[in-house]
Amino acid sequence: MKMVIAIIQPWRLEYVKEALYAAEVKLMTVSEVLGHGRQDGAPEIYRGQKETGNLLRKIRLEIAVNEAFVEPTIAAIQKGAKTGEVGDGKIFVYELAEVVRIRTGERGGKAIG
Amino acid sequence: MKMVIAIIQPWRLEYVKEALYAAEVKLMTVSEVLGHGRQDGAPEIYRGQKETGNLLRKIRLEIAVNEAFVEPTIAAIQKGAKTGEVGDGKIFVYELAEVVRIRTGERGGKAIG
Amino acid sequence: MKMVIAIIQPWRLEYVKEALYAAEVKLMTVSEVLGHGRQDGAPEIYRGQKETGNLLRKIRLEIAVNEAFVEPTIAAIQKGAKTGEVGDGKIFVYELAEVVRIRTGERGGKAIG
Amino acid sequence: MKRFSSFLTALTLAVAALSAQTAAPTPVLSSGNTAWLLAATALVMFMTAPALGLFYGGLVRKKNVLSVLMQCFAALAIVSVIWVAFGYSLAFSDTEIIPGVLGDFKWAFFNGMTPEVLSPYYISDATGRVPHLVFAMFQCMFAVITPALIAGAFAERMKFSFFVLFTALWEILIYIPLAHMVWSANGVLFKLGVLDFAGGTVVHINAGFAALAVVLLLGKRSNHRTLPPHNLAYTMMGAAMLWFGWFGFNAGSSLAADGIGASAFVATNSAAAAAGLVWPFLDWLINKRPTILGAATGAVVGLVAVTPAAGFVNPAGAMAIGAIATIVCFFMVTVVKEKLGYDDALDAFGCHGIGGIVGALLTGVFADPRLWKAFGATYSGALYGNPGQLGIQAIGVLVSVCLAFFGTLIIYKLVDLVLRARVSVHEEEVGLDITQHNERAYTVID
Amino acid sequence: MKRFSSFLTALTLAVAALSAQTAAPTPVLSSGNTAWLLAATALVMFMTAPALGLFYGGLVRKKNVLSVLMQCFAALAIVSVIWVAFGYSLAFSDTEIIPGVLGDFKWAFFNGMTPEVLSPYYISDATGRVPHLVFAMFQCMFAVITPALIAGAFAERMKFSFFVLFTALWEILIYIPLAHMVWSANGVLFKLGVLDFAGGTVVHINAGFAALAVVLLLGKRSNHRTLPPHNLAYTMMGAAMLWFGWFGFNAGSSLAADGIGASAFVATNSAAAAAGLVWPFLDWLINKRPTILGAATGAVVGLVAVTPAAGFVNPAGAMAIGAIATIVCFFMVTVVKEKLGYDDALDAFGCHGIGGIVGALLTGVFADPRLWKAFGATYSGALYGNPGQLGIQAIGVLVSVCLAFFGTLIIYKLVDLVLRARVSVHEEEVGLDITQHNERAYTVID
Amino acid sequence: MKRFSSFLTALTLAVAALSAQTAAPTPVLSSGNTAWLLAATALVMFMTAPALGLFYGGLVRKKNVLSVLMQCFAALAIVSVIWVAFGYSLAFSDTEIIPGVLGDFKWAFFNGMTPEVLSPYYISDATGRVPHLVFAMFQCMFAVITPALIAGAFAERMKFSFFVLFTALWEILIYIPLAHMVWSANGVLFKLGVLDFAGGTVVHINAGFAALAVVLLLGKRSNHRTLPPHNLAYTMMGAAMLWFGWFGFNAGSSLAADGIGASAFVATNSAAAAAGLVWPFLDWLINKRPTILGAATGAVVGLVAVTPAAGFVNPAGAMAIGAIATIVCFFMVTVVKEKLGYDDALDAFGCHGIGGIVGALLTGVFADPRLWKAFGATYSGALYGNPGQLGIQAIGVLVSVCLAFFGTLIIYKLVDLVLRARVSVHEEEVGLDITQHNERAYTVID
Ligand SMILES: Nc1ncnc2c1ncn2[C@@H]1O[C@H](COP(=O)(O)OP(=O)(O)O)[C@@H](O)[C@H]1O
Ligand SMILES: Nc1ncnc2c1ncn2[C@@H]1O[C@H](COP(=O)(O)OP(=O)(O)O)[C@@H](O)[C@H]1O
Ligand SMILES: Nc1ncnc2c1ncn2[C@@H]1O[C@H](COP(=O)(O)OP(=O)(O)O)[C@@H](O)[C@H]1O
């Protein structure tokens, strides 16, 4: 079992969700984060002063999947999130030791979906 | 050392915290996330139109524990979060390679608590 | 490849960012979390009643790095975040199985930076 | 048409003289008085929504903020309809169904109150009148805010359907009779001689003790512990807007743009200012930090306490009333409430009930006879050689406390026969916004 | 100076009599009327910003809230400048460039309108006048809010540069001529005898159908699905503030602090209250929960619908108008809009266009002749034996619908020659706040 | 009682004629003027809280928003108490402790100012007076907002205890004497003949240069870099509310609901509108995007600049003043401030100090003699053949700049002997809300 974490542009979320649904990946956890990457982004200007913070708004997706779904999930995220511009984001994957469905107590691969 | 991540219903947080304290697990990091799971949830209706977003509010817990505490932690979360309804949430566990307490520089199992 | 997660005091973020830049670690993802640790924190008082929630505001950093950068990253975070007071926070490190740069499709160590 | 002397309870005796004196000139429309009362009516409307909504809404948890805003808004809508339909007539008609207690339907749907008809009621200006319609609308906004104030006590746990039915019935069975008793020329309490310039009894004591009655029956919130307000900026905004609107409430209660209105304006501001300093000062002494919530709460307590006194006290008296009421309420809210353990969520009882009593009693102490001298009347408190007034004030307080408290117990039980008052524990946990209205106040991402 | 009889379309015939009657006394400054109209002008200003800004701003997504607030604020600034420079003169001058359709530049920059000059316009009080400057400013705020109302329809997708140019041209080419036709003594519509107390045609029908024209040309938002409002507390605040400001809008339209103003005040509050109850009640029936957004929307619809009727109907009539308009608008917004598929983002057409029509027609039904009797005029609706009025109202509606709709189509196309109206899909996705203004409303952490 | 001619500095000479002319009719209460001034007083109160609080509060970081709101609210409470106790008397009494500089305690606690006593002060209407109490309260709200304006400069780093003591002392030692010198009939600056309709010197220049003095002594915020405002919707709301309240500030300053008040109302709106367009236009030119913060800032600068001019300039003049002041302030805030490196956090100096100076000087250019002609007085600026006025205005500016700047330096140093002004770096990092008040504005989850 793997956990796939993706950091994407906020406005690509709809596209990514669509692509994931198409790949039969339907469960996910989403949050709002700030990212510092290679993307510069025109600084906002307040009363003529350039804002010097350099954290851009991003969306973070957390998707737990069984092995067979790892590559389709990555592919779907890429499909939905890619625009070719700097700032498109990254995908991080790590090994999950255990998954538990709270409602039933099921564990492992069965609990993931 | 393991990291236990739990996604739970927001209003179960108090119960989960209580159960964790009872299990002597007292350190945790909490955040607000949106989840798309099996739970459908009645859509909200604004000016007669059904809202079509399908992300529900959830709480995400992040708890680092030593091996011996993994199962008690899972059990405590289950105890606090379980209502038997769809949407109760999931627990994800993964291996931690290292833990550092910033204040003291301690590492590993000693740093976790 | 490793993922370094740090929970720090909100007002140390600027210092940590500076220290990370100095260590040539420039990419990161940041979010606001609530933490329950050893730190007690004077409870807030509303209309004379002590607030009984015990979750303190923290900042969570997520930094993916190649092996060679793990210790410099930890050191930089410690440098920026440490005040010696309880509540300084923790660093958690775990193994990354894969990293993908969405824009280019690059994978692994090349995708991380 | 029978000429009313004045609607102020306080004016019972004095008014005889006043009417005699001013009997000669025929009342005419005063565009100046009307201009002020139109503005004042808008200001009092502003107090219920958005002001009170924000003040209360900021104090609850995110998941309940809309339910609180909705209660304020719904009170405005429901009571406005009742008031126009028959409420005003029952409360202020000079012909009565129950003598001294309840008017009749003569002015139902403002029947006969065509635009040119002048208000039979006046306070300080017998000659320069406002249209009857304006007086009726000004009173409407008082009738509106009273049940909205109660909502602070039972926040975060009442079913909306119960709220609607309760509010309508409470308005008809408690507010309207009390208003008639206190403000109508035939009212039983009117004849007592209680001084109440702008509604300390009918609005604040009434709402405060109704609040207490409701929470005693309704019980605590299921997870009753101190939670931080979800948006203190709203609360601060709301408090400032209440202060702003209160100028209409108190200074409008002279029904004239004259010196008495001005004096009530000064008293209002002075009491609010003094009280807004005292509460954070007590915070500072006792809890080490002067709080913003304390400043906002103090200001509101000061405004409550000065309401019955506004047109009768000098600025120093007003400050004293604000300061003393704040000390008492601080003690009630921070010590007594915890001891007794009732869950007055946003301190509707602690601020309006207690603040209202302190203000009503102290009006009997600080009423300064010099204020009305040029207007041909005398209102003196204990400090100016008329200790008897304090006794009269105490009777007024007692009667309204009893009416409000026991009356509300009965109404609650009545509505309870039809509808369950409380949401389920699960609904409470999920929050009233979703469970009662299927809406959320804020998005997380969008 | 030529004496105007009155600016109300409704007064065409009646006014002859009225003027005759009141010809004798020389008009003098009434400080009371002036006091109320100054306050009312401030109240109407308050409606555009912050009230409308908050009402609309709360309904859009976080990334677009500033663009909406900016549109309201910019409308206030742009129209104020145009109005003073030449707008007022073109709209209200009694000498004309195009007879019956457009005034001239005689009062450009308020030329000749020194402080002591009295308003040539009056409604219910012929003798007690306000300064001409006050009348001009009161009208300014009506001219300001109208284009701001339209902005609700095209929210979340229009370029700011287009908005600026469009608003300026629309104001000059649509609003000003319509105002002249309807409100000036020589206006072609003025002579029809349409009853419109406070601007149902010029403001609401006009804005509503302009909104429809714009969205038909502009197209839907690229991701057109129902999204939750980002902050319903703002929307609620905004609705309450609109209600508050509307007292100035409607009760100020008598241009006097008198019984007619008072009557308009009562009608305004009654309609808003009834409508604010009906919409959530329909929600309850149809969607199982009474919503806060429904209460806020209903109240606004009630206020829109009562605008033309305010000074002509009794409280029961006002409630009926509010309730009926709400039922119609509820149906438009929840059923028809979806069926037809136009993207009226915040229901500017559904609430103002449709609500305005219902109100205008019902004014012809509920106008109660007893109201103006003492003021020497008679305005009767079908219910009071004058069915013809309904026909006149229908003509008024038709003319203003056509003018607004087709005129706006032309203006849009005109501006479209110079500037693209829509932001790109990418800009829409990123949000207008960043792409149009390079600012964000809220920080995430700071 | 000695009859005052008028409190306006501007009226020194003209007023002799005016008083003579109007000596005959006995002053009487004007309910119309009183109605407007009561409303105007409420409006000016509204400017400090919630308006200024929101305007400023939105601009700071989340962790400091309450501290800013608290400073506005505390200024309201503290100054109100001081004003009633002795401030009004020291500022406006006609008998003096220091001739030409400071009144005495004759009106302490509004002694002798019973409700029927008329205001000895008037501007454009000598006969129709308001109660003395109303005049005193109207002035109170000016005294309240001035120290609150300063708070914008030292936001995010001052200890609350220092703020309290500083505000009280500054009010007594700077504001009150300056008000006496400028507004009292015996005041030394009054006799200079400086034109200042509504408080350009006493309020805005005064607050602006006090702000500069404080930040020079206090130093920069420890992490002094440009941070995004935490809630621009609040700032926009606040700006709109300030605009709304400013109608009371400026149009109320005629102390009458008449043409002069109306003219000030028009000028106020015109200047704000022009300025609210110019700033975002400069943004557009220089930084590629018209900003909302620019529109809000511009509007406020326009309102500041027109304050001294409001009753003296025609609408075109008002627009010119608004536009010119905005260009100057834009340059100060975006270029000069950065160059010089002082940390005027929310631009209290840049907007109020500089905008106030530009407005004061331009009043000497654009004052239009036609405005007061019918009122028996003449106020002409350079544009109307009276270049000398510009010189007089410059002297007025210089004197108030020096008084404010050096006086504030001294007060600051004085308070600094007792209390440290700055919070520690750690407290600044954690935020003032928690460290000064032990509260947070917003919850994260609840
Ligand atoms: N090494 C990393 N560790 C943590 N987060 C990262 C890392 N690299 C990128 N991110 C996240 O991904 C986002 C997009 O990265 P960016 O470098 O801007 O895009 P691109 O990969 O297209 O160059 C960043 O804003 C940041 O949130
Ligand atoms: N595979 C997954 N990956 C990431 N998050 C998940 C996954 N499955 C569930 N979640 C999270 O857990 C929440 C609850 O899951 P849900 O399926 O509704 O409950 P249940 O497990 O009771 O059927 C979801 O809203 C989502 O946030
Ligand atoms: N075992 C843990 N699991 C998850 N989060 C933790 C854990 N320990 C600490 N944290 C996070 O780190 C923050 C700081 O920890 P705390 O114990 O207060 O500091 P210190 O390590 O200096 O004693 C906590 O508020 C919490 O968010």
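Order of the sequence lines fixes the chain letters, A, B, ..., with proteins taken first and strands second; residue numbering starts at 1 for each chain.
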**Message:** At a 4.5 Å cut-off on heavy atoms, which part of E/C72 comes close to chain F: side chain, backbone, both, or neither?
**Reply:** neither
**Complete:** Comparing E/A49, E/S80, E/A42 against chain F, the one with the most heavy-atom pairs below 4.5 Å turns out to be E/A42
**Request:** To the nearest 0.5 angstrom, please state how far the CD1 atom of F/I292 sits from the CG atom of E/L66.
**Result:** 4.0 Å
**Asked** Aromatic rings E/F160 and F/W284: how do their planes relate, parallel, tilted or perpendicular, breaks at 30° and 60°?
**Response** tilted
**Message:** Taking side chain as everything from C-beta outward and backbone as N, CA, C, O, which of these in F/A299 sits under 4.5 Å from a heavy atom of chain E? Side chain, backbone, both or neither.
**Reply:** side chain
**Item:** Side chain / backbone / both / neither for E/Q436 at chain F, heavy atoms under 4.5 Å
**Value:** backbone
**Item:** Chi angles and distances behind the side-chain contact (heavy atoms from CB on, under 4.5 Å) call for E/H437, F/D283
**Value:** CA-CA 9 Å; E/H437 309 291; F/D283 277 335; over 6 Å; no
**Message:** I need the residue from F/L227, F/L277, F/N314, F/D258 with the largest number of non-hydrogen atom pairs under 4.5 Å to chain E.
**Reply:** F/L277
**Prompt:** Do you know which of F/M241, F/K63, F/R61 has the most heavy-atom pairs with chain E at a distance under 4.5 angstrom?
**Reply:** F/R61
**Request:** Heavy atoms only, distances under 4.5 angstrom: which of E/E439, E/E116, E/M45 has the most pairs with chain F? Name it, please.
**Result:** E/E439
**Complete:** All heavy atoms of F/P229 vs all of E/T443, minimum pair found to be O-CG2, 3.5 Å
**Prompt:** Any idea which of F/S30, F/A262, F/G32 has the most non-hydrogen atom pairs under 4.5 angstrom with chain E?
**Reply:** F/G32
**Fill in**
Bottom line for E/V444: the part with an atom under 4.5 Å from chain F's heavy atoms is backbone
**Asked** Atom CG of F/L293 and atom CE of E/M70: how far apart are they, to the nearest 0.5 Å?
**Response** 10.0 Å
**Pairwise distance CG(F/N287) to CG(E/N438) - rounded to 0.5 angstrom** = 8.5 Å
**Asked** Given that the side chain runs from C-beta out, which part of E/P131 has a heavy atom under 4.5 Å from chain F: side chain, backbone, both or neither?
**Response** side chain
**Prompt:** Of the backbone (N, CA, C, O) and the side chain (C-beta and beyond), which part of E/T435 lies under 4.5 Å from a heavy atom of chain F, both, or neither?
**Reply:** backbone
**Message:** Please classify the contact between E/L29 and chain F as side chain, backbone, both or neither, with a heavy-atom cut-off of under 4.5 Å.
**Reply:** side chain
**Asked** Rounded to the nearest 0.5 Å, how far apart are OG1 of F/T291 and CG of E/D433?
**Response** 12.0 Å
**Asked** Can you say whether E/I78 sits under 4.5 Å from chain F via the side chain, the backbone, both, or neither, judging by heavy atoms?
**Response** both
**Heavy-atom pair count under 4.5 Å with chain E, highest-scoring of F/S270, F/A239, F/A240, F/A274** = F/A240
**Item:** Considering all heavy atoms, the nearest F/A295-E/F73 contact
**Value:** O-CE2, 3.5 Å
**Message:** So which residue, F/G311, F/P290, F/A233, ends up with the most heavy-atom pairs under 4.5 Å with chain E?
**Reply:** F/P290
**Prompt:** Checking heavy atoms, do the side chain of E/M47, its backbone, both or neither come under 4.5 Å from chain F?
**Reply:** neither
**Prompt:** Would you say E/M137 and F/N269 make side-chain contact, with heavy atoms under 4.5 Å?
**Reply:** yes
**Message:** Set out, in order, the CA-CA distance, both residues' side-chain angles and the distance that settles side-chain contact (heavy atoms from CB on, under 4.5 Å) for F/M237 and E/L54, then state yes or no.
**Reply:** CA-CA 8 Å; F/M237 256 190 252; E/L54 286 169; 3.5 Å; yes
**Pick from E/W83, E/F110, E/Y442 with the largest number of heavy-atom pairs that fall under 4.5 Å of chain F** = E/Y442
**Request:** Quick one: closest heavy-atom pair of F/W36 and E/A39, and the distance?
**Result:** CZ3-N, 3.9 Å
**Message:** Can you tell me how far apart CZ (E/F46) and CG (F/L43) are? Round to the nearest 0.5 Å.
**Reply:** 9.5 Å
**Asked** Hey, mind stepping through F/K373 and E/T114 against side-chain contact (heavy atoms from CB on, under 4.5 Å) and telling me if it holds?
**Response** CA-CA 9 Å; F/K373 215 171 153 193; E/T114 43; over 6 Å; no
**Request:** Assess whether atom CZ of E/F162 is packed by more than 12 heavy atoms of other residues, nucleotides or ligands within 6.0 Å.
**Result:** yes
**Asked** In Å and rounded to the nearest 0.5 Å, what is the NZ to CD1 distance from F/K62 to E/I445?
**Response** 8.5 Å
**Item:** side-chain contact (heavy atoms from CB on, under 4.5 Å) between E/V81 and F/M319, worked out
**Value:** CA-CA 8 Å; E/V81 168; F/M319 285 193 225; 4.1 Å; yes
**Prompt:** Looking at F/F244, F/Y234, F/F265, which has the largest count of heavy-atom pairs under 4.5 Å with chain E?
**Reply:** F/F244
